[in-house]
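Since the structure is predicted, the reported quantities are computational estimates derived from the model, not experimental observations. What's counted below: heavy atoms across the whole structure, side chains too, no hydrogens, waters or symmetry copies.
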Amino acid sequence: LIGGWDGQRTRSEVLIYDPAQDRWSEGPPLQVARRHASATIMGGRLYVFGGENESGALRDSIRLDPGSLNERRWHPIAPLPKAISRLVAITTINTVLVFNATSNEFWQYDQTVDAWQSFPLPPEAMVAPCAVFLDTSIYFVAEATAPLPGAVSEYQAIYSVLVPLR
């Protein structure tokens with residue numbers, strides 16, 4: 001669990017779950033409290049992008065390297081191209097893809113050069129708040145019908161994007 005909202009303020013706590021021991025432990029707190037951030041793992045490192053706090057949307061991105069709990073700390077990486085909250089992050093083979101479902105924007109983070117690159121989407125593309133990377137494609141999943149109280153929502157894949165691999 002990374003940050004969040006307790007009903008009164010944005011939180012900076014980090015909790016790490018170890019499924020092998022079925023135990024939660026405290027991780028290093030975030031330097032900037034946030035909620036609605038996106039997180040993913042690439043190369044054994046945890047990446048956290050954007051989010052928001054009481055001051056608004058955040059642009060910063062951070063990385064947590066593996067190691068013992070006493071050695072773990074957050075490292076700043078290249079900030080997002082713009083401040084954004086409620087985004088979707090997907091790990092591919094050697095990059096992280098970040099989507100802004102509100103404006104259909106799409107960026108690619110390359111860890112080898114610590115830089116972002118815009119990735120244009122076709123005008124008919126509809127980025128959804130849920131996505132998965134499979135083989136060389138990204139599949140966006142969106143709600144097809146409005147949920148009724150107590151009903152199960154129907155979901156459908158609405159668009160796929162081919163990701164060029166280096």
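Under the ring pair (Phe, Tyr, Trp, His ring centres under 6.0 Å) criterion, W5 pairs with no residue at all, not counting sequence neighbours. With sequence neighbours excluded, the residues satisfying side chain to side chain contact (heavy atoms under 4.5 Å, CB included) with I41 are L46. D6 meets the salt bridge (Lys or Arg N to Asp or Glu O under 4.0 Å) test with R11; sequence neighbours excluded. Applying the salt bridge (Lys or Arg N to Asp or Glu O under 4.0 Å) rule to R59 yields no partners; only residues at least two apart in sequence or on another chain are considered. W116 pairs by the ring pair (Phe, Tyr, Trp, His ring centres under 6.0 Å) definition with F49, Y109, not counting sequence neighbours.
Side-chain atoms of D60 and Q31, non-hydrogen and from C-beta on, never get closer than 4.5 Å to each other. T92 places none of its side-chain heavy atoms less than 4.5 Å from the side chain of Q108. Contact check for V96 versus Q111: no side-chain heavy atoms found under the 4.5 Å cut-off.
Pairing each heavy atom of A83 with each of A57, the nearest pair is CB-O, 3.6 Å. For the pair V14 and P28, the tightest heavy-atom approach, listed with the atom from each and the gap, is CG2-O, 3.3 Å.
The CH2 atom of W74 sits 11.0 Å away from atom OG of S12, with the distance rounded to the nearest 0.5 Å. Atom CD1 in I2 sits 7.5 Å away from atom CD1 in I62 (nearest 0.5 Å). In this structure, the separation between CG on L97 and CZ on F106 is 4.5 Å, given to the nearest 0.5 Å. Rounded to the nearest 0.5 Å, atoms CG (L87) and NE2 (H36) are 11.5 Å apart. Here the CD1-OG1 distance, from I90 to T95, works out to 10.0 Å after rounding to the nearest 0.5 Å. In this structure, E26 CD and I16 CD1 are separated by 10.0 Å, a value rounded to the nearest 0.5 Å.
With R34 contributing its side chain and G50 its backbone, the two residues share a donor-acceptor pair below 3.5 Å. Side-chain atoms of S38 come within 3.5 Å of backbone N or O of A89 as a donor-acceptor pair. No donor-acceptor pair under 3.5 Å is formed between the side chain of D110 and the backbone N or O of A115.
Cluster membership for V32 and Y47, using ILVMFWY side-chain heavy atoms within less than 4.5 angstrom, is not shared.
For residues 35-45, the salt bridge (charged side-chain N to carboxylate O under 4.0 Å, His left out) pairs, not counting sequence neighbours, are R35-E52, R45-D65.
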